[in-house]
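I have placed the structure first, in the form of structure tokens, so that the comments after it can refer back to it.
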Amino acid sequence: MNSASPSPVIPPDPWSRWAPPLIDRILEAFRAESIPVERPELEAALDRSGGEGWDLALAVHRWARIAGRAPPRLADDLAARLRPERPPLRSAAAAQGYVNLTLEPETVARGTLETVFGRWERYGHWEPEAGTACVEHTSANPTGAFHVGRVRNAIIGDTLVRVLRARGIPAVTQYYVDDMGRQAAMITWIWSRPPDSWPPEIRAEAPTIDPAEKADRRLGRPYPAVSGYLKSHPEAQAEVAAIVRAVEEGHPPAEHHRRISEILDGMLQSLARIGIRFDERVWESSLLDSGAVGQVVDRLLKAPHATLEENGAAAIDASGYRLPKEEAKIIVRRADGTSLYVTRDVAYHLSKFARFARVIDVLGQDHRLHAQTLDALLAEIGEPRRPEYVIYQDLTVPEGGRMSTRRGTGVWLDDLLDEAVRRAREEVLRRRDDLSEAEIGRIAEAVGTSAVRYHILRVAPEKTVLFRWEEALSFEGRTAPFLQYAHARAASLLRKAGREGPPYPFDPGLLGHPEEQALLRRIRALPGRVEYVARTNHVHALAGYAHDLADQFNRFYHAVPVLTAGAERDSRIALVAATRRTMETTLDLIGVTPLETM
RNA sequence: GGGCGCGUGGCUUAGCCUGGAUAGAGCAUCGGGUUCCUAACCCGGCGGUCGGGGGUUCGAAUCCCCCCGCGCCCGCCA
């Protein structure tokens with residue numbers, strides 16, 4: 001029996017234990033066949049995903065021509081060169097132009113489990129790297145509560161941060177708070193007077209103000225009506241404009257930032273419920289106050305394509321940047337000398353470049369042109385760096401069109417979460433009568449909120465997500481509860497075995513069942529998946545991995561007994577423990593709450 | 001009109017960057033599984049000309065071009 005002891009020297013990725021000698025042997029085989037292959041080329045071509053009974057696959061077609069042989073023939077020849085097999089290689093088989101390599105089951109089990117037990121909480125995490133990343137996400141205007149459409153940004157951004165950190169990259173999240181625009185000014189304007197003195201048109205839209213209501217809901221209530229009211233009331237518009245000007249000049253109304261903070265706190269409370277928190281809030285006005293915006297304007301005035309408009313506005317002739325604008329001109333300072341969003345955003349990004357090695361912005365597709373404009377202005381002032389953009393598409397609703405508060409097609413995040421939790425509670429009550437009220441509540445909250453988060457995370461950002469209540473609230477199949485259930489099931493086994501923590505002795509020779517081997521292959525894939533997501537920002541890939549892992553655990557669970565097993569009992573318990581550990585890390589990374597029971 | 005994104009079984013989707021083995025999954029549907037470790041589960045069936053056309057290639061869902069459909073953006077708004 002092996003008893004894994006924690007050791008800091010165990011590398012993050014189980015693959016590193018077997019890969020180098022294997023790759024050497026494959027290179028030798030190529031060399032023996034007189035086919036020139038470079039190591040990097042081979043490593044890139046190797047498929048490590050693991051399939052029906054194999055661990056490594058290599059499609060040889062690309063070298064067939066050079067070798068002057070048909071792919072199946074070449075595969076045969078190469079496979080023959082890898083024989084006789086010796087540890088850790090169990091078999092080298094040729095099939096349809098592929099060389100399929102299978103490791104000894106024992107090797108797979110030992111290497112994978114020792115890595116998991118050796119690293120434990122650090123399994124799935126990589127060693128620290130130098131260079132901090134900044135992820136700016138959400139940054140929604142603080143004008144009211146989140147509807148589900150806005151939350152996609154937060155879910156993508158937050159998941160990305162978690163994965164970057166797991167990759168060893170220190171990461172800071174920033175919420176860029178717009179306190180300078182008309183929208184924020186409208187909030188301050190309407191709330192600068194008591195509700196009973198509001199214009200009737202606005203009162204009509206927000207008839208009762210409940211002081212106990214969450215701040216983002218309460219303070220945002222009159223907002224849509226204010227928007228309409230201003231269109232037909234120039235004098236009110238002038239008052240709002242005066243607030244905007246006051247902010248620009250550095251002396252905002254006393255209430256301004258307090259109101260915005262209050263509303264923002266409410267918004268962030270909702271996000272906290274699905275596990276999303278921010279490290280820093282960057283107030284847009286702070287960039288102006290510090291003089292950073294002024295410096296950017298100065299640099300832009302001296303830029304290669306700077307032009308002055310007749311009325312005194314400053315612009316950049318952007319015809320060289322192929323922006324999809326009718327006039328290839330970017331105004332960078334208004335005629336009245338006041339600043340603009342893009343210009344302030346340049347200042348913001350310069351401040352990020354000064355602090356961070358990697359700058360990532362999560363943006364809705366409607367900000368695509370803004371991003372291109374920002375890039376153009378950064379180029380104009382000679383800044384060589386650019387942010388990485390993670391662009392996501394909108395949520396749409398069955399009636400057509402995107403989710404929008406103004407059109408009344410928005411679904412409040414709070415309402416969706418409440419309904420999800422309510423339904424989760426019903427599910428818990430349906431199957432458990434042994435839990436305390438507190439436990440039921442805790443499980444329902446975890447299941448409901450996780451289901452919502454996962455539902456949005458699982459789809460690639462560039463796809464539009466069709467929002468349907470029934471699907472967002474589903475607890476079966478590709479959902480968070482499916483994942484939580486697998487985790488809870490594993491936890492239950494360990495509880496019953498009385499082995500809720502390491503050490504987990506195991507005999508790697510007893511884990512040869514195909515479902516066990518398949519499960520081990522899933523487990524060992526996590527570090528690679530984390531690396532991939534941190535490199536490509538494709539956070540949804542981790543949601544897919546979580547499902548694959550849970551799915552394979554379920555198959556294993558149904559295929560072999562654990563607690564009632566004979567000689568294999570301890571080893572299977574170890575495998576369950578490794579699965580549970582891997583599952584917990586994965587769930588943490590995607591913001592799904594792991595449960596011990598459900 | 002220009003730019004960007006998307007278009008895969010009835011529905012929702014993975015795979016597309018880095019082209020390769022019968023295009024994976026979930027929902028729905030049909031048929032099985034619980035005296036046995038949590039059935040929010042598992043096993044099996046049905047269902048796909050990967051929007052259309054052309055090209056590159058030994059090989060295209062994947063790369064290139066054209067077209068069609070849908071979404072978004074094209075403000076001295078943010």
Side-chain angles (χ1 to χ4, degrees), chain A residues 44-45 47 51-52 57 59-62 64-65 70-71 75 95-98 100 139 141 178 180-184 284 309 311-315 322-327 329-336 338 340-342 344-345 364-373 391-394 396 400-402 424 427-428 430-432 447 451 455 458-466 468 470-471 474-486 488-489 491-493 495-497 536 538 540-541 543-544 547-548 550-551 554-555 557-565 572 576 597-598:
Chain A
D47 177 0
E52 289 285 319
V60 304
H61 307 73
R62 72 179 67 184
R65 180 186 292 271
Q96 301 165 68
Y98 284 79
N100 292 325
S139 301
N141 283 331
D178 167 28
M180 295 199 64
R182 245 168 57 90
Q183 302 190 313
E284 198 172 355
E309 303 295 295
N311 60 15
R322 286 192 308 225
L323 296 177
K325 289 159 76 89
E326 285 173 20
E327 268 189 289
K329 198 194 301 178
I330 305 166
I331 305 292
V332 297
R333 189 190 63 195
R334 288 199 187 88
D336 66 4
T338 56
L340 286 155
Y341 171 62
V342 247
R344 298 193 290 262
D345 211 20
Q365 64 158 338
D366 53 336
H367 281 66
R368 183 80 237 193
L369 175 59
H370 170 71
Q372 290 177 282
T373 309
I391 308 275
Y392 66 93
Q393 302 287 319
D394 293 302
T396 58
R402 57 172 173 164
E427 293 297 320
V428 178
R430 184 171 304 155
R431 53 198 99 205
R432 300 292 293 267
V447 168
H455 178 69
R458 51 184 252 280
V459 182
E462 61 269 19
K463 307 258 192 180
T464 53
V465 168
L466 177 67
R468 290 206 200 93
E470 285 316 307
E471 286 172 7
S474 168
F475 297 154
E476 287 169 14
R478 278 205 67 178
T479 66
F482 176 89
L483 312 177
Q484 292 169 309
Y485 189 69
R489 193 177 238 175
S492 168
L493 285 176
R495 211 160 41 236
K496 289 205 166 140
T536 62
H538 291 170
H540 69 289
H547 178 264
D548 292 344
D551 192 43
N554 284 330
R555 274 205 268 274
Y557 178 86
H558 285 283
V560 301
V562 176
L563 300 179
T564 56
R572 287 189 182 150
V576 170
T597 186
M598 62 190 282

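Worth saying up front: this structure is predicted, and the values here are computed from it rather than measured. By convention in this document, chain letters (A, B, ...) are assigned in the order of the sequence lines, proteins followed by strands, and residues within each chain are numbered from 1.
Distance CD (E471(A)) to P (rU13(B)): 8 Å, rounded to an integer number of Å. With rounding to whole Å, Q365(A) atom CD is found 12 Å from rC74(B) atom P. Atom-to-atom, CD of Q183(A) to C1' of rC77(B) comes out at 8 Å; the value is rounded to the nearest Å. One interatomic measurement links the two molecules: CD1 of I330(A) to C1' of rG75(B), which rounds to 13 Å at whole-angstrom precision. Put simply, NZ on K325(A) is 16 Å from P on rC4(B), counting in whole angstrom units. Whole-Å rounding puts the K496(A) NZ to rC36(B) P distance at 11 Å. Rounded to whole Å, the distance from NE2 on H455(A) to P on rU13(B) is 9 Å. Rounded to whole Å, atom P of rU62(B) lies 20 Å from atom CG of D47(A).
On the C1' atoms, rC67(B) is 32 Å away from rU22(B), given to the nearest whole Å. Atom C1' of rA21(B) sits at a distance of 15 Å from the matching atom of rA60(B), rounded to the whole Å. On the P atoms, rG48(B) is 23 Å away from rC43(B), given to the nearest whole Å. Only the P atoms considered, rC50(B) is 7 Å distant from rA61(B), to the nearest whole Å. Atom name C1', nucleotides rG71(B) and rG24(B): the rounded distance is 27 Å, in whole Å. Rounded to whole Å, the separation between the C1' atoms of rC63(B) and rG1(B) comes to 28 Å.
Taking the six-membered ring for Trp and thresholds of 30 and 60 degrees, H367(A) and H370(A) have ring planes more than 60 degrees apart, a perpendicular arrangement.
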Hey, what are the protein-to-nucleotides 22-25 of chain B N/O distances that come in under 3.5 Å?
none

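Of the candidates rA39(B), rA78(B), rC73(B), rC73(B) carries the atom nearest the D366(A) side chain, counting heavy atoms from C-beta on. Checking rC6(B), rC42(B), rC37(B) against every side-chain atom of L563(A), the shortest atom distance belongs to rC37(B). The side chain of R489(A) lies closest to rA39(B), out of rC76(B), rA39(B), rA40(B). Among the nucleotides rC11(B), rA78(B), rG2(B), the one closest to any side-chain atom of R468(A) is rC11(B). Set against rC74(B), rG2(B), rG20(B), the side chain of E326(A) has rC74(B) as its closest nucleotide. In the set rC37(B), rA40(B), rA78(B), the nucleotide with an atom closest to the side chain of Y557(A) is rC37(B). Of all nucleotides listed (rG5(B), rG2(B), rC41(B)), rG5(B) comes nearest to the side chain of E462(A). Residue N311(A) has its side chain nearest to rC76(B) when only rU12(B), rC37(B), rC76(B) are considered. Out of rC27(B), rU12(B), rU57(B), the shortest distance to the side chain of R65(A) is found at rU57(B). Candidate nucleotides rG5(B), rA78(B), rA14(B) were compared by shortest atom distance to the side chain of H540(A), and rA14(B) ranks first.
Among the heavy atoms of the strands, none lies under 4.0 Å from R182(A). Nucleic acid contact for F482(A): sugar-phosphate only, since backbone atoms but no base atoms lie under 4.0 Å from a heavy atom of the residue. L493(A) comes within contact range of at least one nucleobase, with a heavy-atom separation under 4.0 Å. At a threshold of 4.0 angstrom between heavy atoms, the contacts of A44(A) with the nucleic acid are absent. Residue contacts for V428(A): at a heavy-atom cut-off of 4.0 Å it reaches a base atom on one of the strands shown. Heavy atoms of A57(A) sit under 4.0 angstrom from at least one base atom. The residue V576(A) sits apart from the nucleic acid: no heavy atom pair falls under 4.0 Å. Nucleic acid contact class of R572(A) (heavy atoms, under 4.0 Å, all strands): none. Using a 4.0 Å heavy-atom criterion, one finds that S492(A) contacts the bases of the nucleic acid, with or without backbone contacts as well. In this structure, M180(A) reaches neither bases nor backbone, as no heavy-atom distance under 4.0 Å exists between it and the strands shown. If you check every strand for non-hydrogen atoms under 4.0 Å, T597(A) touches a base. Within the 4.0 angstrom heavy-atom criterion, no nucleotide atom of any strand lies near V332(A). Nucleic acid contact class of E284(A) (heavy atoms, under 4.0 Å, all strands): sugar-phosphate only.
In this structure, the side chains of H455(A) and S474(A) stay at 4.5 Å or more apart for every pair of heavy atoms. Residues V428(A) and V447(A) are not in side-chain contact: their nearest non-hydrogen atoms beyond the backbone lie 4.5 Å or more apart. A heavy-atom distance below 4.5 Å is found between the side chains of E309(A) and K329(A). No side-chain heavy atom of V465(A) sits less than 4.5 Å from a side-chain heavy atom of Y392(A). Between L563(A) and L493(A) there is a side-chain heavy-atom pair separated by less than 4.5 Å.
Residue R495(A) places no side-chain N or O under 4.0 Å from the OP1 or OP2 atom of rC37(B). Residue N554(A) places at least one side-chain N or O under 4.0 Å from the OP1 or OP2 atom of rC42(B). Side-chain N/O atoms of R402(A) include one lying less than 4.0 angstrom from OP1 or OP2 on rC73(B). For the OP1/OP2 pair of rU8(B) and a distance below 4.0 Å, the side-chain nitrogens and oxygens of K463(A) include no atom meeting the criterion. A close approach under 4.0 Å does occur between a side-chain nitrogen or oxygen of R555(A) and OP1 or OP2 of rC43(B).
The salt bridge (Lys or Arg N to Asp or Glu O under 4.0 Å) check on R495(A) picks up nothing, with sequence neighbours excluded. By the salt bridge (Lys or Arg N to Asp or Glu O under 4.0 Å) test, R334(A) is found to be paired with no residue, residues two or more places apart in sequence or in another chain being considered.
You'll find a donor-acceptor pair under 3.5 Å spanning the side chain of N100(A) and the base of rA21(B), going by distance alone.
Along RNA chain B, the nucleotide nearest to T536(A) and the one nearest to T396(A) differ in position, and the one closer to the 5' end is contacted by T536(A).
Interatomic distance, T373(A) OG1 to D345(A) CG, rounded to the nearest 0.5 Å: 10.0 Å.
For Y98(A) and rG20(B), the ring-to-base geometry does not satisfy the stacking test (centroid distance below 5.5 Å, interplanar angle below 30°).
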